[in-house]
Amino acid sequence: MSGIEWLIAALVLIGAVFVLLGSVALVKLPDFYTRLHGPTKATTLGLGSLVLASMVFFNFVQNELSLQQLLIALFLFITAPVTAYMLIKAGMHQKVTAIEVTKNQHLMQASGKKPAP
Amino acid sequence: MMHHLPILPILVPLLTAALLLLPPFQAKLSRQRWFSGAGLLLLLVVSVLGLVESSTGVSSFYLLGNWPQPFGIVLVHDRLAAMFVLLAAVLAFAAWLFSLGGEDGQGAFYHPLLHFLLMGINGAFLTGDLFNLFVFFEVLLISSYGLLMHGGGKARARAGLHYVLMNLAGSAVFLLALALLYAVLGTLNIADMALRINQLEPSQALLVKAAAGMLLLVFGLKAAVLPLHFWLPSAYSSAAPAVAAMFAVMTKIGVYCLLRVFGTLFTEPGHPLQDFGQQLLWLAGLATLLLAAIGVVAAQSLKKLVAYLVLVSVGSLISVLAIGTVPAIAAVLYYCLHSTLIAAALFLLADVIAQQRGTVADRLVSGRPLQQPVLLGTLFIVAALAVVGMPPLSGFVGKIWLLQAATEVSERAALWSVLLLSSLLVLIALTRAGSTLFWRLNRQQAGSESASLPQLYAVLSLLLCSPLLVIFGDAVMQFCLATAQQLQTPLAVMTAGGNQ
Amino acid sequence: MTLFWILLMPLFGCLMALAARQWSRSYQALVVALFPALALALLVPLIPDVLAGEVIRYGFAWLPLLGLNFSLQLDGLSLLFTLLILGIGLLVILYARYYLSTRDSMPRFYAFLLLFMLAMLGIVLSGNLLQMWFFWELTSISSFLLISYWSHQPDARKGARMALTVTAAGGLALLAGILLIGQILGSYELSEILPQTAKLQQHAAYPVVLLLVLLGAFTKSAQFPFHFWLPNAMAAPTPVSAYLHSATMVKAGIFLLARLYPLLSGTDLWFLTVTLTGLSTLLVGAYFALFQHDIKGLLAYSTISHLGLITLLLGLDTDLAAVAAIFHIINHAIFKASLFMTAGIIDHETGSRDMRKINGLWGFMPVTATLAMVASASMAGVPLLNGFLSKEMFFTQTIHQGVLGSLSWLIPVLATVAAIFAVAYSARFIHDVFFNGQPIGLTKTPHEPPRYMRVPMEILVALCVLVGVFPELMIGSLLQQAAVAVLAAPPPAYSLAIWHGLNVPLLMSVVALIGGILLYINRKALFMFQAGFNETKAIYRFEAFIQRLVRRCRNSIEQIENGSFQRYILLLLLALLALAGAPLLELQQLRGQRAALPFDGLVIVGAILLIVAAVATVMVVRQRLLALVMISVVGLMVSLAFVRFSAPDLALTQLSVEVVTVVLLMLALYFLPHKSVKQSSSGHLVRDFTLASAIGVVVGSLAYAMMTNDSASISSYFLQNAKSGGGGTNVVNVILVDFRGFDTLGEITVLGIAALGILKLLTGIPRFMASADGEGRLWSKDRHPLLLAVISQALLPLALIVSVYIFFRGHNLPGGGFVAGLITAVAMILQYVAKGVDWVKPRLKVEYSTLIAIGILLATVTGLASWLFDRPFLTSWFDYFDVPLIGQIELASAIAFDLGVYFTVVGASLLILANLGKITTRYRPVHKEPS
Amino acid sequence: MMELLMSIVIGVLTACGVLMMLRARTFAVMLGLTMLSYAVNLFIFVSGGLTAGKGAVLGRSDIYSDPLPQALVLTAIVIGFAMTAFLVILAIRARADLGNDHVDGNSGKSQEDSA
Amino acid sequence: MMASWTEKLIPTPARSVMLFVVWLLLNNSLAPVHLVAATILALAIPLITASFRDKHTPFTHWRLALLYLLKVLGDIVLANVQVIRIVLGPNRLLRPGFVMVPLELRGALPLSILACTVSLTPGTVSAEILPYQNDPNEDVGERFLLIHVLDLADEAALMREIKQRYEQPLQEMFGC
Amino acid sequence: MLTQIVFVAMLLIGLGLLLNLWSLLRGPSMPDRLLALDTMYINSIALLLCYGIYGASNLHFEAALLIAMLGFVSTVAVCKFMLRGDIIE
Ligand code: NA
Ligand code: NA
């Protein structure tokens with residue numbers, strides 16, 4: 001295995017591990033609001049690393065110009081915050097409970113109202 | 001242009017329908033009407049030309065995309081296809097005429113949907129490719145769903161749901177059968193399939209048998225054979241009249257497919273799959289016939305009664321089709337023409353009668369006098385005679401021919417007794433219905449609205465076909481016989497004989 | 001040819017009757033009568049030839065494939081009937097002119113009457129059995145129309161229906177019999193089948209043939225036990241009764257027996273069946289005739305009795321019996337027609353037919369009374385009248401037969417008994433109507449009818465006397481030739497004389513006469529006895545029978561078709577199981593020849609995900625949103641499976657369809673209840689589960705057998721020709737837009753139609769607004785979340801450029817118009833979701849339905865373009881061009897076709913979703929925030 | 001043994017689809033049909049046999065999978081989508097017209113009701 | 001004249017540039033045919049979609065934007081590792097909480113970018129932009145950003161960081 | 001060697017998918033499940049990226065891109081449904 005290939009292997013493994021960790025977090029974390037942070041990790045680091053691996057692989061191992069993968073990353077970066085926003089909105093709307101230690105829980109009810117400063 | 005004739009019955013309605021969707025036509029109903037009528041007229045011309053061409057006895061194959069058989073899709077234009085295409089065109093013309101009475105304005109897209117339906121029907125009649133048949137099935141089904149719901153209302157919603165669901169299940173089964181056939185035979189061309197079926201190992205033949213069983217189910221569902229008929233009575237009786245009239249040909253598509261597909265696939269003498277399904281069809285046909293006749297007697301409204309009459313014709317057709325001899329198939333073809341036209345006429349007539357009976361509509365209870373009792377009564381009697389199979393209209397020819405198809409003792413015993421008994425039940429039901437509708441009057445005054453001319457002409461034009469089928473009976477019967485004989489030459493042989 | 005014209009005359013008359021509706025009543029009658037008269041005039045020149053023994057034939061092939069030829073023949077038997085039909089027909093036309101009131105529609109009556117005449121002539125002139133059946137059924141129909149002429153009377157309607165039902169049932173049996181004869185003997189032509197007696201009678205099916213034909217004949221001729229329809233047919237106008245129910249139609253059955261006499265008779269079965277039927281009919285008719293209070297009822301039962309007599313004669317095993325039968329046909333027609341006319345006159349003049357009210361008419365209408373008395377004397381068999389002669393022959397033949405073996409003596413005895421009753425009811429008719437005191441409670445004072453109304457009667461009664469006195473002169477040769485026709489051989493010698501010396505038959509006549517008068521005088525006791533039976537009228541019994549039939553049918557239909565979709569689909573699935581599963585059971589080994597692929601851990605993971613998600617979907621199906629989420633997982637996994645097994649096109653399509661479907665289902669969910677209550681019993685669940693598993697096993701096994709099966713396929717052709725013939729390297733896409741482009745055209749049409757159908761469904765749907773979700777939570781007030789709105793707008797151009805990319809690469813790489821269209825549609829849907837219909841709608845410049853039309857038209861016109869090059873529809877074209885600076889580019893017709901696909905998909909998807917979104921009301925109820 | 005796994009998947013999908021089609025509510029039936037069409041699509045797809053190659057794009061592989069079933073599945077997916085869409089709207093219409101979401105259009109409990 | 005002509009043809013230069021690049025990325029190619037196609041699409045698509053775009057505060061500070069982007073990317077990578085530790089550590093050590101950040105920033109686009117940034121950087125998720133408004137471009141009263149924080153140690157510090165690191169640069173970029 | 005490593009990576013991601021399925025089944029709330037589904041989309045993209053390297057083919061790139069786009073739309077649509085019921089209003 002050449003150095004490039006080792007690089008690719010490392011990036012792939014890092015990416016896969018982060019993706020897995022995101023999923024583990026989803027199972028492990030105690031409430032909806034904390035779980036929501038899990039997939040963000042998978043998106044950002046895991047997929048970023050995999051996209052990089054893929055690009056390196058095609059450009060340097062396969063020797064074909066391939067930058068498409070960037071688009072996937074771009075797409076996810078644009079959409080992930082919206083997804084999270086909509087999910088948490090839905091969660092607060094459905095009054096999904098947060099774990100007790102959560103601070104400022106009253107703010108969840110603030111939706112739609114001008115909050116008291 | 002003449003060598004494009006086979007595809008015109010598909011393209012003419014397709015183009016008509018698509019153009020009808022454009023804003024200039026969508027803006028005004030009257031424009032839609034005339035353009036739709038012009039399209040139908042063109043289709044009629046094309047169909048007649050096709051019939052004339054096919055009557056030379058030469059089947060033409062139209063290779064779509066100019067790809068050779070069996071790789072591309074092929075259209076088969078022979079007597080059988082030409083005959084059914086013309087039948088559909090005639091029905092559509094009547095449906096169009098009738099709808100000018102105002103029915104086409106009761107919902108959007110009536111005219112485009114009618115043409116799309118025709119496209120699907122004609123495609124199903126013309127294609128020689130099994131998957132393409134599926135596609136056209138879907139075209140005609142989806143159009144029929146739309147048309148069935150034309151005008152709206154509770155009954156239609158209820159019936160439509162069952163109709164759509166049953167057919168969706170049927171489509172799924174069709175696809176399973178198709179895939180299985182492709183897996184074993186490696187082709188989709190029906191004629192090519194027939195050739196390959198003859199070279200199968202026993203285990204593969206069994207898979208083909210399973211696929212054939214599923215196809216039988218699909219075509220049986222289309223034809224509304226017991227126990228797959230349940231969708232029909234409520235769907236047909238609740239549909240708008242012009243739509244129901246058009247639907248009269250839909251069950252015949254099942255019959256057509258049995259003739260075309262099974263008649264091509266399972267004909268090799270001595271092959272384990274020879275005459276596959278005939279025994280089942282025979283029993284199912286007889287059972288359908290009997291049940292349908294009971295349904296006719298039980299019907300509480302004229303439209304329901306007519307819907308069951310459609311089932312009666314299905315039962316007759318299927319059971320005789322199962323006999324499978326050339327005269328039997330010829331009789332089936334003739335009866336197809338007759339029963340379709342008359343059922344359509346009856347659906348239209350039922351609506352005209354219902355309109356004049358006010359609130360009781362077509363329910364078989366005493367009602368107010370009709371505005372045009374003599375005219376409608378005469379039409380009713382004519383239609384009833386035709387449908388019961390009494391002289392002098394086409395029904396008797398069809399019935400006698402069907403009966404004559406049974407030549408074995410056991411066939412005779414079963415077919416004759418069931419067919420004749422059902423005739424009697426139908427007669428009882430129709431005299432009862434007619435007597436109630438026209439004679440059992442309450443004290444109300446007749447309504448003031450007489451039937452609109454287009455509606456009457458539509459009924460008349462369909463009913464007129466019945467005496468024509470008798471007067472030109474010999475020519476029609478000879479055509480049917482020649483068609484049945486042509487079907488005996490398997491498509492596969494013809495295909496091998498002359499490509500294009 | 002003359003025969004043809006004779007047959008056609010009544011048809012012309014029928015049409016003339018309808019055409020002449022504006023004329024005066026007399027002219028109408030005259031012009032209608034003209035045609036039967038013409039027919040008679042045409043017939044007269046033929047009579048000498050027929051009487052000389054010639055059979056005149058005319059025919060041409062009509063429907064040769066059925067064996068149904070248009071075939072006419074005039075022999076003695078048909079001549080006799082033709083004369084009766086035309087002669088009495090003419091008289092009835094004249095009579096009806098006066099009988100019908102001004103309220104009755106005369107054209108209709110005459111039209112029906114002549115239609116009937118046509119049918120009747122058709123029967124008797126037929127030289128082909130099927131043709132005879134044709135006219136046979138026509139008589140049933142026309143008689144139905146005539147009986148129900150006064151359709152406002154319930155009795156007329158019911159009577160007509162009953163008559164039709166019974167005779168049509170018989171007609172169906174007859175048809176079966178005729179078809180069987182045709183199949184056995186190879187023809188329906190009388191001239192060809194009548195000589196084949198032996199062949200038919202030795203055939204195993206002969207008893208069936210005989211029974212079927214007899215059923216036809218007996219029902220038509222009102223033989224016991226099918227006689228009941230005839231008395232109820234008396235609701236018809238009396239001219240109809242005079243014509244149909246005495247002279248003609250009821251004789252059609254007799255005619256049939258006579259016509260087929262050479263073919264069917266001569267066997268024990270024939271003798272027994274026909275004789276016994278005739279005998280019982282004779283007795284039943286005669287007995288019940290006596291108790292009728294309605295004049296027409298009496299005549300109807302008398303007719304039944306006389307028909308029985310004729311049938312009995314045809315059943316006896318002597319040749320002369322047949323002659324006697326023919327003779328009585330003539331005589332009965334003459335006297336019974338005149339008697340019905342009498343009944344009509346009485347009805348017309350008194351307004352009643354009840355013999356208990358009508359008394360002493362002798363004083364009011366002596367001429368009519370005299371005529372009636374002569375006719376009824378003939379009916380009773382009084383000497384010097386025609387009825388006597390044939391009755392004498394009848395008695396003679398009852399003595400000479402041996403049909404019942406050692407019990408044969410019963411026949412003459414019972415015949416005498418019947419004759420006694422005949423005399424008694426004849427006596428009653430004369431005494432009760434014309435004498436017996438004064439009328440009771442009549443609405444009008446009776447007097448003689450109009451002059452010409454009586455003429456038909458006068459002619460008929462004159463014939464009674466003339467035939468009675470000069471039988472040989474009047475009808476000798478006609479009878480002779482008719483007998484030849486019936487027996488298919490010259491009959492044995494017989495003499496038509498008034499006096500045959502003192503013999504047993506004469507004794508029987510005398511006994512009958514005296515006995516009958518004695519019986520009538522002592523009728524009181526018998527009337528009392530008969531009154532003890534509580535009989536209901538046949539029509540009520542018939543009606544009740546029909547009601548029962550209808551009820552029973554209705555019950556069975558309701559039980560079978562209970563309106564439950566679950567039952568229907570269950571039956572379909574059972575059928576599937578049987579049809580697809582049965583061959584599997586025969587299969588020795590499921591596994592085929594093809595080498596298997598090894599599997600790896602990843603595939604197992606995929607399978608687990610798929611299966612678990614599928615099962616979970618079923619389990620949570622009542623929590624609908626959750627089920628929707630679960631099924632999305634299934635969809636995702638199916639897409640991944642497509643990727644794994646090298647079908648990238650499928651993956652793309654499945655993914656894009658998936659999201660649109662989910663959006664659609666979610667829209668649906670808003671309008672459907674969000675949850676459903678549990679309703680299934682565990683029994684149903686077990687049943688459904690078993691069935692579903694069985695089908696799963698069958699389909700799975702088929703899939704396995706299929707995958708491992710190794711067969712040659714046409715696919716290699718596509719791989720070889722995709723690039724060279726279709727100009728693309730993505731073979732799947734080339735198949736879609738080229739090899740099987742016609743399928744694709746159909747497919748986008750389906751999509752377009754679906755969209756139209758959906759728009760149709762959505763128009764006029766009640767506007768809907770649910771104020772809270774399934775848990776009762778109020779909806780959020782944030783209609784268009786800010787972040788979503790902003791980002792969605794930014795995504796639109798991105799999505800569009802992706803769809804352009806997917807579109808153009810489709811031909812060579814995975815992609816194509818369909819996926820591109822869906823991506824565009826999804827991007828637009830996102831705008832709808834983010835900003836709502838109110839925002840999007842005004843920004844769109846094109847109607848979705850127009851877009852669909854453009855798409856379909858584009859694809860079709862692309863296909864049509866190949867016609868310009870004289871190639872079949874959809875023949876593709878492509879070429880490579882060198883463009884300066886840019887390089888080589890490919891242009892292909894497939895691109896235009898695919899563009900059509902794209903437009904249709906975009907139009908259809910958006911038409912569906914945008915319109916569905918529109919059906920909610922814009923403003924929601926204001927709700928208070930829970931504090 | 002990939003074939004076996006695939007058959008099991010198809011069988012399970014079919015069974016689940018059928019089971020849901022036998023429910024009494026339109027939504028369940030719609031899901032059932034959707035599930036069934038997944039099964040059917042896979043069934044068609046594998047009718048050309050399973051290939052672990054790289055698809056049917058010329059020049060991208062040495063073993064090509066059978067392209068024809070793929071084309072058929074594509075058509076089937078589109079048609080299935082059209083049909084599902086119509087069914088969904090029909091179910092909505094039926095609910096609006098008939099007042100309930102029972103497949104028979106009756107809210108009550110006929111003899112064969114089950115959810 | 002000239003300006004309005006370009007404005008009409010290229011209403012959104014940023015968008016056009018992005019599309020041009022995206023097309024080339026999609027095709028993995030700089031071939032002339034793709035350059036031509038990219039140009040055409042980069043011009044055509046914005047025109048087609050012009051009506052589907054709300055008018056936003058114009059943004060011209062390209063250099064600032066690039067810097068902002070790099071800063072965010074860096075934040076993502078650095079903070080991620082730390083957050084992973086929190087996520088995988090025992091649940092009882094979690095200190096989640098909500099924070100309501102009052103904003104000076106106005107305008108739909110800047111607000112959205114801020115919310116996205118907050119969500120993308122690990123440990124925080126934008127939950128709501130308050131108050132709801134029918135027209136987000138209209139500046140009325142105060143605006144707040146509700147955030148869910150995975151590890152809320154110091155509320156004030158977090159608020160300060162968000163305002164300084166992200167809100168201020170955005171304010172500069174959009175000139176508000 | 002690289003392929004083996006990539007395959008191991010794919011197995012890890014597959015494990016992630018199974019965990020997502022577990023989250024999806026467990027819930028407990030609807031937003032929880034939806035979050036699990038969304039994560040599944042992302043993990044599928046990851047899987048496809050690896051599969052591209054594994055098979056040395058970028059034929060699956062579009063599938064990944066589509067999952068990114070369409071997964072987003074469907075998640076957002078379900079959220080909108082939970083918030084407003086009517087997703088296209
Ligand atoms: Na009296
Ligand atoms: Na964040």
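Please read these numbers as outputs of a predicted model, since none were measured by experiment. Quick note on labels: first sequence line is chain A, next is B, and so on, each numbered from 1.
- Contacts from residues 60-75 of chain A to chain C, taken as heavy-atom pairs separated by less than 4.5 Å, involve Gln68(A), Phe75(A) in sequence order.
- No more than 12 heavy-atom neighbours from other residues, nucleotides or ligands sit within 6.0 angstrom of CZ on Phe808(C).
- Below 4.5 Å, heavy atoms of chain C meet no heavy atom from residues 15-23 of chain A.
- Residues forming a ring pair (Phe, Tyr, Trp, His ring centres under 6.0 Å) with Tyr33(A) (at least two apart in sequence, or on another chain): Phe98(E), His148(E).
- At a 4.5 Å heavy-atom cutoff, the contact between Ile791(C) and chain A is made by side-chain atoms alone.
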Sequence neighbours excluded and cut-off under 3.5 Å, please list the side-chain donor-acceptor pairs for residues 819-826 of chain C, or say none.
residue, atom, partner, partner atom, Å
Thr824(C), OG1, Ser803(C), OG, 3.1
Thr824(C), OG1, Ala820(C), O, 3.0
Thr824(C), OG1, Tyr902(C), OH, 2.6

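- In this structure, Lys89(A) and Pro785(C) approach most closely via the heavy-atom pair CE-CG, 3.8 Å.
- Distance check: Leu788(C) CG to Thr79(A) OG1 gives 11.5 Å after rounding to the nearest 0.5 Å.
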